Structures are given as C-alpha cells and as structure tokens.
Undergrad: 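Just dropping this structure here.
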Amino acid sequence: DPVEAKKLMKEAGYKKPSKKKTAKYERLVAKAAALEEAPDMTPVKPEISEEQAREIKGLVTSADIDDKPELPEGAPDVTTAPESLEQLETDVQDNQLRAEQRTKDYLVDGVSYQRVSNVIGTTYTGEPDKSATTAGNTVDSLVRSFFTEGETPVHSDINISKDAFDDLMRALGEVKKNIDDKGLKVLANNIIVWDDGNGVAGEVDLFVLNPKTGNIQIWDVKTSKASTQSKAYTKVWKGNGIERSKRQQHEAQLSAYKRLVENQYGVRVEKIAIFPFQVKYNKRGKITSLKSESGVSLDFDKSFVDSIIS
C-alpha cells in the first residue's frame with residue numbers, strides 16, 4: 001500500500017534523496033558497470049616450460065630486461081644481489097662437502113661429473129708436461145693457503161726457491177691489498193662448482209664478492225713460462241680440431257665457470273679475470289724464479305658456453 005509505505009518511511013525518518021544526489025548515484029553505478037565490462041589490462045607474465053626455464057637459467061642480465069616485459073615464470077633474475085650474503089657463503093662452503101676432485105673427473109654426491117677442461121677441449125696434442133703441472137700445483141697450493149683464514153704459507157725448498165717464494169708472497173700481498181682497497185671480499189678459494197643438468201664441474205681459484213653490487217667475480221691463478229704480455233699469449237694454435245689462442249683458452253675456461261656459478265647459485269658473475277705469474281722451473285718442476293704480471297680481465301664467450309652448458 002503506497003500510503004502505508006509513506007507512513008512507515010516518515011516514522012523511520014527517511015527522506016527522499018534530492019535529484020542531485022540521485023543523479024550522482026546513477027553516474028557512479030554506470031561507471032562501475034563500465035569498469036566491469038572493460039578488458040583486464042594488467043600485465044601478464046608469460047609462462048614457459050621448466051625445460052625452457054633451465055635453458056635461460058643464468059643468462060638473464062639487466063641489459064636483457066630493460067624496457068622489456070617481466071621475466072617469465074621460473075627464470076631466476078641473476079641481476080639482483082642475494083638476499084643474504086652470509087647464506088650464500090654458507091651454501092658455497094656446505095656444497096664443498098658434497099664434491100670431490102679426482103684425476104679425470106669430479107664426484108658430486110657420488111656421481112661422476114665431467115671436468116670443464118675436458119669439455120672445452122684444447123689445441124695441445126702432446127703428452128702432459130709433468131714439470132709444468134708440478135709448478136702450477138705448487139703455486140695453486142700456496143695461493144690457497146694464503147687466502148685461507150688461519151693458514152700461513154710455508155716455504156719448501158723442494159718445490160720452490162726461497163727467492164721465488166718471497167716474490168710470490170709479495171705479489172699475493174699486493175693482490176690482497178687490491179681486494180681490500182676495492183671493498184671486495186674473498187668468499188672462498190679453490191671452490192668446486194657444478195651444473196647438475198649438464199653433469200659438468202670445475203674448480204674456481206678465487207670466489208670474490210663485490211658487496212656493492214652483490215655480484216661475484218671469478219679470479220684464476222695462471223702460471224706459464226711465457227708472458228701474457230707477449231704475442232705468444234694471443235697467437236692462435238690449431239690442434240684436435242680446435243683453433244684457439246692461450247687467451248681464448250682461458251676465456252673458454254672461465255666463461256664455463258661463470259655459467260656454472262650462475263646456474264648453481266643464482267647470482268651474477270660480473271667479472272672473470274686471471275692473475276698470471278711468469279715462472280721458470282727445472283725438469284722436476286721446482287720453481288726457480290717467479291714474476292708477477294698485471295691481472296687480465298677476460299671476455300665472456302657466451303656463444304661457446306651455450307654450446308656446452310645450457
């Protein structure tokens with residue numbers, strides 16, 4: 001009953017809205033309806049399969065995503081610093097308990113992984129030079145001891161002369177000062193890194209953190225009778241179906257290390273470099289003289305690494 005309805009509304013204190021309020025309400029209703037019918041313009045992340053995610057893992061850099069859509073689901077963004085640098089260091093150290101280096105391969109959780117050196121190949125066709133290997137191992141061991149907290153390198157005249165030993169310690173002292181001056185931190189040395197999907201592993205001499213960027217730098221110690229400043233370092237050699245200079249050999253090796261580290265830990269490797277030492281040694285591999293050379297920053301050989309480690 002309209003009369004009864006008006007009576008009840010009057011008793012309840014209801015007042016009919018003005019034409020102005022009614023018009024405003026109708027406009028809001030119409031706007032809400034239009035929004036419901038409008039297409040959803042929210043950006044959608046493209047989806048990719050797990051296999052595709054593995055293929056691009058470790059390959060994404062800030063240059064790849066500037067002014068481009070967000071990363072696909074499942075692709076790690078390796079351009080950002082780790083949430084916890086302490087956790088990264090802990091993970092690296094804990095993983096060393098899972099890995100073991102052998103003469104021809106590595107064991108990771110009891111499974112054989114190919115060595116990076118075997119995967120990338122070499123132009124050298126002769127028998128291994130045992131004296132060169134011995135000299136290289138001597139320097140590697142002393143460098144490892146120098147950068148291991150709580151250890152002090154000890155001279156042994158069997159493997160290296162006192163003069164060469166002292167020259168090495170002075171050179172490593174300068175390297176350490178360079179690291180400290182740049183605010184860098186050696187997280188670990190002689191670290192085994194690997195990629196489960198490709199079954200490849202290698203050993204990084206110095207695993208260096210740049211706290212300012214949260215990125216990693218890989219530094220490798222190299223010993224040779226020839227200087228990296230000579231033409232011999234960039235001369236291209238042929239052998240085993242490969243054409244490559246000594247520098248390119250180093251780039252192939254450290255580029256592979258870069259990919260392994262990025263795949264395993266999801267952090268970006270911003271620099272790969274070598275610290276070369278020109279050495280002289282006798283037939284037994286004892287180092288008789290040693291000269292430190294300037295570090296050499298290497299280029300990342302992405303196309304080559306893509307062919308061996310996805």
Side-chain angles (χ1 to χ4, degrees), residues 92-93 96 99-107 115-118 120 122 124 128-176 178-179 186-194 201-208 216-228 233 246-247 249-254 256-258 260-261 272-296 298:
V92 170
Q93 296 294 355
Q96 300 316 294
E100 173 188 352
Q101 181 179 184
R102 302 195 299 185
T103 304
K104 296 183 178 181
D105 65 355
Y106 290 89
L107 279 184
R115 299 174 71 97
V116 164
S117 57
N118 292 337
I120 66 175
T122 177
Y124 185 69
D129 186 339
K130 293 183 179 180
S131 59
T133 301
T134 299
N137 289 341
T138 295
V139 173
D140 284 346
S141 177
L142 291 171
V143 170
R144 179 168 59 248
S145 178
F146 182 91
F147 283 101
T148 299
E149 189 174 350
E151 285 191 19
T152 302
V154 177
H155 172 249
S156 170
D157 197 60
I158 297 176
N159 300 317
I160 185 171
S161 70
K162 186 63 168 63
D163 287 343
F165 176 84
D166 291 341
D167 288 339
L168 177 60
M169 292 302 105
R170 277 193 293 271
L172 293 179
E174 292 175 2
V175 170
K176 179 67 166 58
N178 185 34
I179 290 174
V186 178
L187 283 185
N189 59 84
N190 288 78
I191 291 300
I192 298 175
V193 293
W194 64 86
E203 188 170 18
V204 175
D205 285 346
L206 295 178
F207 195 87
V208 181
I216 296 297
Q217 299 183 5
I218 295 175
W219 300 354
D220 210 50
V221 177
K222 296 296 184 184
T223 56
S224 174
K225 285 186 174 181
S227 170
T228 55
Y233 187 58
K246 193 69 173 179
R247 179 190 174 98
Q249 182 71 20
H250 292 161
E251 287 179 336
Q253 179 189 5
L254 270 68
Y257 288 168
K258 169 181 163 72
L260 294 179
V261 170
I272 52 177
I274 64 167
F275 278 109
F277 293 95
Q278 187 177 10
V279 296
K280 292 182 180 180
Y281 46 85
N282 61 25
K283 293 181 179 180
R284 293 187 295 105
K286 176 182 176 178
I287 299 173
T288 56
S289 70
L290 179 146
K291 177 184 178 183
S292 173
E293 297 189 327
S294 300
V296 179
L298 302 175

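All figures in this text were calculated on a predicted structure; none of them were measured in a lab.
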Undergrad: Quick one: are Arg115 and Tyr106 in side-chain contact, heavy atoms under 4.5 Å?
TA: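 A side-chain contact under 4.5 Å exists here.
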
Undergrad: Of all residues at least two apart in sequence or in a different chain, which pass the side chain to side chain contact (heavy atoms under 4.5 Å, CB included) check with Asn190?
TA: Arg144, Glu203, Asp205

Undergrad: Tell me, please, whether Tyr281 has Lys225 positioned over its six-membered ring: NZ or CZ under 6.0 Å from the ring centre and within 45 degrees of its axis?
TA: yes

Undergrad: Roughly how far, to the nearest 0.5 Å, is CG of Asn189 from CG of Asp140?
TA: 10.5 Å

Undergrad: Could you note down all residue pairs passing ring pair (Phe, Tyr, Trp, His ring centres under 6.0 Å) where residues 132-153 supplies at least one of them, sequence neighbours left out?
TA: none

Undergrad: Looking at side-chain heavy atoms only, is the closest gap between Ile272 and Tyr257 below 4.5 Å?
TA: no

Undergrad: Any chance you could lay out the side-chain contact (heavy atoms from CB on, under 4.5 Å) test for Leu260 and Trp194, step after step, and finish with the verdict?
TA: CA-CA 5 Å; Leu260 294 179; Trp194 64 86; 5.5 Å; no

Undergrad: Do you know the tightest heavy-atom contact between Gln96 and Ile191?
TA: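 Distance-wise, the nearest heavy atoms are NE2-CG2, 3.3 Å.
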
Undergrad: Evaluate side-chain contact (heavy atoms from CB on, under 4.5 Å) for Glu151 paired with Ser145, printing each intermediate quantity in order.
TA: CA-CA 6 Å; Glu151 285 191 19; Ser145 178; 3.3 Å; yes

Undergrad: Measuring only between side-chain heavy atoms, which start at C-beta, is Thr228 closer than 4.5 Å to Arg247?
TA: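 No, too far: nothing below the 4.5 Å cut-off.
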
Undergrad: Please report the interatomic distance CG(Asp167) to CG(Leu172), rounded to the nearest 0.5 Å.
TA: 11.0 Å

Undergrad: Quick one: does His155's side chain have a donor or acceptor within less than 3.5 Å of a partner on Phe165's backbone?
TA: no

Undergrad: Run the side-chain donor-acceptor check on residues 284-291: report pairs under 3.5 Å with partners two or more places apart or on a different chain.
TA:
residue	atom	partner	partner atom	Å
Lys286	NZ	Asp157	O	3.0
Lys286	NZ	Asp157	OD2	3.2
Thr288	OG1	Lys280	O	3.2

Undergrad: Quick one: are Asp220 and Leu206 in side-chain contact, heavy atoms under 4.5 Å?
TA: no

Undergrad: Between Ser161 and Ala164 (side chain of the first, backbone of the second, donor and acceptor by atom type, cut-off under 3.5 Å), is there such a pair?
TA: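 Flag set: sc Ser161 to bb Ala164 pair under 3.5 Å.
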
Undergrad: Would Gln253 and Lys222 satisfy side chain to side chain donor-acceptor pair (under 3.5 Å), going step by step from the backbone distance to the final call?
TA: CA-CA 12 Å; Gln253 179 189 5; Lys222 296 296 184 184; 2.6 Å; yes

Undergrad: Using side chain to side chain contact (heavy atoms under 4.5 Å, CB included) as the criterion, list what pairs up with Lys246, not counting sequence neighbours.
TA: Tyr233, His250

Undergrad: Quick one, Ile179 with Val186, criterion side-chain contact (heavy atoms from CB on, under 4.5 Å). Give me CA distance, side-chain angles, the key distance, then yes/no.
TA: CA-CA 8 Å; Ile179 290 174; Val186 178; 3.6 Å; yes

Undergrad: Using salt bridge (Lys or Arg N to Asp or Glu O under 4.0 Å) as the criterion, list what pairs up with Asp129, not counting sequence neighbours.
TA: none

Undergrad: Keeping Ser141 on the side-chain end and Asn137 on the backbone end, is there a donor-acceptor pair under 3.5 Å?
TA: no

Undergrad: Provide the closest heavy-atom pair for Lys104 versus Asn118 in the form atom of the first, atom of the second, distance.
TA: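 Heavy atoms of Lys104 and Asn118 come nearest at O-ND2, 3.3 Å.
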
Undergrad: Nearest 0.5 Å, what's the CG-CD1 distance between Leu298 and Ile274?
TA: 5.5 Å

Undergrad: Salt bridge between Arg170 and Glu174, side-chain N to carboxylate O under 4.0 Å?
TA: no

Undergrad: Who passes side chain to side chain contact (heavy atoms under 4.5 Å, CB included) against Glu100, sequence neighbours left out?
TA: Arg102, Leu107

Undergrad: Take Lys162 and Asp166 through the salt bridge (Lys or Arg N to Asp or Glu O under 4.0 Å) test and state the conclusion after the steps.
TA: CA-CA 6 Å; Lys162 186 63 168 63; Asp166 291 341; 2.8 Å; yes

Undergrad: Checking side-chain polar atoms at under 3.5 Å, does Lys258 have a donor or acceptor matched by the opposite partner on Gln217?
TA: no

Undergrad: Can you find a side-chain donor-acceptor pair between Ser227 and Glu293 that sits under 3.5 Å?
TA: yes

Undergrad: For residues Val154 and Leu142, report the shortest heavy-atom separation together with the two atoms involved.
TA: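 What the structure gives for the nearest pair is O-CD2, 4.0 Å.
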
